[in-house]
2 protein chains.
Amino acid sequence: MEAIARIRSFNRTVTHQIGALEERFLGRDRSLGASRLLFEIGANGVEVRQLRARLNLDSGYTSRLLRALEAEGLIRTGRSSGDGRVRCVTLTRAGRKELAVLNRRSDQAAASLLSRLPEAQRPAFVSAMGVVERLLLASAVRLRVENPRGRGAQYCLQCYFAELAARFETGFDPARSIPTAPTHFTPPQGFFVVAMLNGESVGCGALRCRPDYGEIKRMWVAPASRGLGIGKRILQRLETLARKRRVSLLRLETNKALTEAQALYRSSGYHEVRPFNDEPYAHHWFEKAL
Amino acid sequence: MEAIARIRSFNRTVTHQIGALEERFLGRDRSLGASRLLFEIGANGVEVRQLRARLNLDSGYTSRLLRALEAEGLIRTGRSSGDGRVRCVTLTRAGRKELAVLNRRSDQAAASLLSRLPEAQRPAFVSAMGVVERLLLASAVRLRVENPRGRGAQYCLQCYFAELAARFETGFDPARSIPTAPTHFTPPQGFFVVAMLNGESVGCGALRCRPDYGEIKRMWVAPASRGLGIGKRILQRLETLARKRRVSLLRLETNKALTEAQALYRSSGYHEVRPFNDEPYAHHWFEKAL
DNA sequence: ATTAATCTCTGACTAATGTCAGATACATGG
DNA sequence: CCATGTATCTGACATTAGTCAGAGATTAAT
């Protein structure tokens, strides 16, 4: 079958079968929309803003669904610590109990699907699902050049630095690193690329155009979104931007703990060179001629 | 990731991504429900009954959707030729035009999904989709022992004989074949198994318990549902029924044109034997000890 | 300090989806 | 012919989903 026809057929079959399955197991006493909201809130709570972004809901509608859950005593809403406009939703004890019920039912649904297949076919089924999901997500990722002071960028940078602090043997203190200002990543001196998936920022990367070379910095991908090729796409986008600015040499440095990053750089045509700066957190220096 | 978690994650991702895609391309001027109905009616028309079964809709709701499409001048309803209670829906010229538009949009949606992936990953994506769809469908198939005079059984038999007539070199005339009555396939003398998928009959098979052996007959699977392992499952079910009735030998005969059937029998442990009857349409005779 | 933008909430809607109890017409088996 | 069952349709509802405009609180930008 031709690719387009296969995809269309897949779409129809999957939405039909999975939809029926979900309804049978989840659509008991609460509307599916409310159930989804409970799932998305999860055990740790989220900002209402995030809920809306992830599920792509209207703000009024979201609010109404939340009020309903609140009336049921399943959630509690409070101010976000950082920004007084933003509201945070967390589950109450009853809410956590209800989520556990939903999770159990959802597990049952998945198990019942699996149980209807002969054992021999299950591994193929599950791994094909993995492939489809991964590539479907990858196809939904969008890259955008953004202001490094913007919310998406700031969120990524915060996660990035937190990860460095956690993964570097020595911890990480931005003050000890070579100083960088947001303006270095603002056109035309540089660029800050953010990867978006379903309304959320899931990765970033930056290019700083110095007089004699371009510098790649701030490469980061959210742990939950790794393996989708987002890092590679960000890097390629930065390289394209560099070429447009007539940069002929790209350089970057990295810490020995960031092994995936090193693999990415090598597979993207970067090769290791002698240290070209005295970044105290760096163990490896790479460059690539454009 | 564990299988259950993978399936749950797949379900959420896929419904979300595919749902968004469909809405963006199809949900323009008509409700998604009505669009799906148009798709399902298709160029050749269907019985209202079938529509309801396939989409699992309430009869009142279906009727209302059909009235709306009729008011738009997209469909025409008429009596079924066979059964006066049943209504047949066909597209008008305008309806066919509208379906073409929907098909084009649906193609675009699929193409846009594909286009967002690097070329190298597309074959893997499409083939994984094929695997998931196939196994999802396979898992939704249900076998049931039914009355051979029932609607599902009669439908399958009709298709079965039509296929024999088309595929046999000599054509097929039931009167020339060894006569068989429905009672031969009615418990306890025999069994008639029907495979159901989404409310439709997509395959059948029968067992006739003779004094000294059991006979497998009427093995058929709808062309659109082949490759899902339905034939094998029907055969296994018939064997289980035979064992329960203490049948120790199973026999069957088949025409040389039905090569898939022969492959199925061989792979299920049947081996070819000398003719044990004088069925004029048979070229190969098989048996299996239970 | 003022203005503009952001986030959430409420009220007022509309459309879509789904359910249920008859009513009607036809079919089937005795 | 009659009893029973099936397929469809209609009217009357109920729920879910979604939209839109504006208000109030807060933050960011100038």
Side-chain angles (χ1 to χ4, degrees), chain A residues 15 19-20 22-24 26-38 46-71 75-89 147 149-155 182 199, chain B residues 15-16 19-20 22-24 26-37 46-72 75-89 147 149-152 154-155 182 199:
Chain A
T15 49
E22 300 241 298
E23 240 165 67
R24 197 154 65 82
L26 299 183
R28 285 274 182 265
D29 32 2
R30 188 167 296 106
S31 81
L32 241 136
S35 293
R36 265 197 273 271
L37 218 55
L38 271 184
V46 280
E47 297 180 346
V48 169
R49 197 163 61 168
Q50 272 185 302
L51 273 183
R52 282 210 315 271
R54 280 193 212 155
L55 298 173
N56 195 28
L57 295 174
D58 171 84
S59 87
Y61 187 36
T62 311
S63 177
R64 196 151 302 117
L65 284 172
L66 288 176
R67 262 355 97 231
L69 290 176
E70 210 165 33
I75 61 168
R76 225 192 330 262
T77 53
R79 289 277 159 88
S80 160
S81 50
D83 186 332
R85 293 165 301 185
V86 177
R87 311 217 64 183
C88 264
V89 199
N147 185 331
R149 292 184 215 267
R151 195 149 54 79
Q154 284 299 313
Y155 169 78
Chain B
T15 50
H16 193 230
E22 299 240 295
E23 241 165 67
R24 198 152 66 80
L26 298 182
R28 285 270 181 268
D29 31 2
R30 188 166 295 106
S31 83
L32 242 139
S35 294
R36 267 197 269 271
L37 217 56
V46 280
E47 296 181 346
V48 170
R49 195 162 64 168
Q50 273 185 302
L51 273 184
R52 281 211 315 271
R54 281 193 211 156
L55 298 173
N56 194 29
L57 294 175
D58 171 85
S59 88
Y61 187 35
T62 312
S63 177
R64 196 149 303 116
L65 284 173
L66 288 175
R67 263 354 98 229
L69 289 176
E70 208 165 33
E72 278 191 88
I75 62 169
R76 224 188 335 259
T77 54
R79 289 278 159 88
S80 162
S81 50
D83 186 333
R85 294 165 299 183
V86 177
R87 312 217 63 182
C88 265
V89 200
N147 185 331
R149 292 185 214 266
R151 193 148 56 76
Q154 284 299 313
Y155 169 79

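Chain letters run A, B, ... following the sequence lines, proteins first and then strands; every chain starts at 1.
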>> If I take atom CZ from residue Arg151(B) and atom CG from residue Asp83(B), how far apart are they, to the nearest 0.5 angstrom?
In response: 8.5 Å
>> Nearest whole Å is fine: how far is dT16(D) C1' from Leu66(A) CG?
In response: 16 Å
>> Can you measure Leu65(A) atom CG to dT8(C) atom C1' for me and round it to whole angstrom units?
In response: 14 Å
>> Between dG11(C) and Arg64(A), counting only base atoms on the nucleotide and side-chain atoms on the residue, is there a donor-acceptor pair under 3.5 Å?
In response: yes
> Whole Å only: how far is the CG atom of Leu55(B) from the C1' atom of dT17(C)?
Replying inline: 14 Å
> Whole Å only: how far is the CD atom of Glu47(A) from the C1' atom of dC9(C)?
Replying inline: 17 Å
>> Tell me the interatomic distance from Arg151(A), atom CZ, to dT6(C), atom P, rounded to whole angstroms.
In response: 9 Å
> In whole Å, what is the span from the CG atom of Leu51(B) to the C1' atom of dA7(D)?
Replying inline: 13 Å
> So which nucleotide from dC7(C), dT17(C), dT16(D) ends up closest to the side chain of Ser31(A)?
Replying inline: dT16(D)
> Below 4.0 angstrom from OP1 or OP2 of dT10(D), is there any side-chain N or O of Arg67(B)?
Replying inline: yes
>> Whole angstroms only, please: what is the CZ-P distance between Arg36(A) and dA17(D)?
In response: 7 Å
> Taking for each residue the nucleotide of DNA chain D with the nearest heavy atom, is it Gly84(A) or Ser59(B) whose nucleotide lies nearer the 5' end?
Replying inline: Ser59(B)
> Hey, are the side chains of Leu65(A) and Leu69(A) touching, using non-hydrogen atoms and a 4.5 Å cut-off?
Replying inline: no
> Quick one: which of dG18(C), dG18(D), dT8(D) gets closest to the side chain of Leu57(B)?
Replying inline: dG18(C)
> OP1, OP2 of dA7(D) versus side-chain N and O of Arg49(B): anything below 4.0 Å?
Replying inline: yes
>> Output the rounded distance in Å from CG (Asn147(A)) to P (dA5(C)).
In response: 16 Å
> Do Leu66(B) and Thr62(B) touch side chain to side chain, with heavy atoms closer than 4.5 Å?
Replying inline: yes
> Does Arg85(B) make a side-chain N or O approach to OP1 or OP2 of dT4(D) shorter than 4.0 Å?
Replying inline: no
> Arg149(B) side chain N/O closer than 4.0 Å to the phosphate oxygens (OP1, OP2) of dT28(C)?
Replying inline: no
>> Applying a 4.0 Å non-hydrogen cut-off, can you work out what Asp83(B) is touching in the nucleic acid: base, sugar-phosphate, or nothing?
In response: sugar-phosphate
>> Are more than 12 heavy atoms, taken from residues, nucleotides or ligands other than Asn56(B), located less than 6.0 Å from that residue's CG atom?
In response: no
> What nucleotide among dC9(D), dA25(D), dA17(D) has an atom nearest to a side-chain atom of Arg79(A)?
Replying inline: dA25(D)
> Picking from dC9(D), dT19(C), dC7(C), which would you name as closest to the side chain of Tyr61(B)?
Replying inline: dT19(C)
> Is there a side-chain contact between Arg52(A) and Glu47(A) (heavy atoms, below 4.5 Å)?
Replying inline: no
